Amino acid sequence: QPLLQASGNGCILFNSSVAGGPTAMWSGSVYAMTKAAMNQLTKNLACEWAKHNIRVNSVAPWYTATPLAEQVLQDGALKAEVLSHTPLGRIAKPEDVAGLMAFLASPAGGYVTGQTIAVDGGYSVLGWYRAV
C-alpha cells in the first residue's frame, strides 16, 4: 500500500469470476468461495484505502476464450449449455475483459471504487428466464 499511496492515484484490479456470486454455479465450492471472498475484499479495501486515493475494483468474467476455457469448451454439450445461459450468445473475447480493466485503470474510471463488475454477456442477470 505505501507505494500505491505515494503515487497519489493508486488502482488495484482483482480478476474475479461470476462464480463468486451472487448465485451458485457448478464451478465448485472452494473456487466460488475464494472469488466471493475476493469480491468482499474489494469492498473493504475500497473503503479502507479511499483516504489514500487508492481505488479497488474487481472484474468478474464468465467464460472467456482463453486456452484454459477453450479446453473445457471442447465439450460441445457444455459449450451449448454455457451459450444458452449467455443472453449475448457468445463466449467473451479476452479484449472484452481487458477493455473494462483498461477503463477502470484509466482516469475515466477515476470515480469508480469498491465494485465487482461482471463481464458475462448477461449471464449474471438471466436468472430463470426463457428467451424466445
Side-chain angles (χ1 to χ4, degrees):
Q1 172 208 1
L3 293 176
L4 287 171
Q5 185 175 340
S7 77
N9 190 21
C11 176
I12 296 173
L13 293 175
F14 289 122
N15 189 22
S16 184
S17 167
V18 293
T23 60
M25 61 182 286
W26 71 276
S27 62
S29 298
V30 174
Y31 180 77
M33 180 257 326
T34 61
K35 295 303 185 173
M38 181 183 294
N39 297 345
Q40 188 61 45
L41 179 64
T42 298
K43 295 172 187 175
N44 284 60
L45 288 179
C47 293
E48 292 173 22
W49 292 357
K51 64 186 173 197
H52 303 298
N53 203 30
I54 299 170
R55 297 177 300 107
V56 184
N57 292 291
S58 291
V59 174
W62 175 231
Y63 282 89
T64 305
T66 63
L68 177 62
E70 287 172 350
Q71 281 182 349
V72 173
L73 295 173
Q74 286 179 5
D75 176 341
L78 175 63
K79 184 173 183 179
E81 189 172 0
V82 166
L83 292 174
S84 77
H85 287 83
T86 309
L88 286 181
R90 67 175 177 86
I91 303 300
K93 298 175 282 191
E95 48 272 22
D96 294 326
V97 178
L100 177 59
M101 288 189 149
F103 166 76
L104 290 170
S106 77
Y111 201 62
V112 181
T113 194
Q115 303 304 305
T116 297
I117 303 173
V119 182
D120 66 359
Y123 162 79
S124 59
V125 297
L126 183 60
W128 184 254
Y129 183 86
R130 183 172 275 167
V132 186

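All figures in this text were calculated on a predicted structure; none of them were measured in a lab.
- The two residues Ala65 and Ile91 come nearest to each other via the heavy atoms N-CG2, 3.6 Å.
- When all heavy atoms are compared, the tightest approach of Arg55 to Tyr111 is CD-N, 4.4 Å.
- Both Tyr123 and Leu73 sit in one connected hydrophobic cluster of ILVMFWY residues. Membership requires side-chain heavy atoms under 4.5 Å apart, directly or through other members.
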Requested in this report: Go through the steps for Val82 and Val72 under the test side chain to side chain contact (heavy atoms under 4.5 Å, CB included), then give the verdict.
Outcome: CA-CA 11 Å; Val82 166; Val72 173; over 6 Å; no
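- Summarising the geometry of Trp62 relative to His85, their closest heavy-atom pair is CZ2-CB, 4.4 Å, with the distance given to 0.1 Å.
- Under the 3.5 Å distance criterion, with hydrogens and angles disregarded, a donor-acceptor pair is assigned to the side chains of Thr42 and Ser58.
- Separation of atoms OG1 (Thr116) and NZ (Lys43) is listed at 6.0 Å; rounding is to 0.5 Å.
- Both Leu83 and Val18 are members of a single hydrophobic cluster when ILVMFWY side chains are connected at heavy-atom separations under 4.5 Å.
- Under a 3.5 Å cut-off, the side chain of Ser106 and the backbone N or O of Ala108 do form a donor-acceptor pair.
- Cluster membership for Met38 and Leu100, using ILVMFWY side-chain heavy atoms within less than 4.5 angstrom, is not shared.
- For the salt bridge (charged side-chain N to carboxylate O under 4.0 Å, His left out) condition, the pairs that include at least one residue of residues 96-125, sequence neighbours left out, are Arg90-Asp96.
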Identify all side-chain donor-acceptor contacts of residues 4-13 below 3.5 Å with residues at least two apart in sequence or on another chain.
unit_1: Gln5; atom_1: OE1; unit_2: His52; atom_2: ND1; d: 3.4
unit_1: Gln5; atom_1: NE2; unit_2: His52; atom_2: ND1; d: 3.2
unit_1: Ser7; atom_1: OG; unit_2: Leu4; atom_2: O; d: 2.6
unit_1: Ser7; atom_1: OG; unit_2: Asn9; atom_2: N; d: 3.2
unit_1: Ser7; atom_1: OG; unit_2: Gly10; atom_2: N; d: 3.4

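- By the 4.5 Å heavy-atom criterion applied to side chains, Leu45 and Gln1 are not counted as neighbours.
- In the hydrophobic clustering of this structure, Phe14 does not group with Val59; members are Ile, Leu, Val, Met, Phe, Trp, Tyr whose side-chain heavy atoms approach within less than 4.5 Å, directly or through other members.
- With rounding to the nearest 0.5 Å, the separation of CG in Leu104 from CE in Met101 is 8.0 Å.
- For the residue pair Gly20 and Ala36, the shortest heavy atom distance occurs at O-CB, 3.4 Å.
- Across all non-hydrogen atoms, the minimal contact from Asn15 to Lys35 is O-NZ, 3.0 Å.
- How far CD of Gln115 is from CG of Asn39: 11.0 Å, rounded to the nearest 0.5 Å.
- Taking CG from Asn57 and OG from Ser16, the interatomic distance works out to 11.5 Å, rounded to the nearest 0.5 Å.
- In this structure, Tyr31 and Ser17 approach most closely via the heavy-atom pair OH-CB, 3.5 Å.
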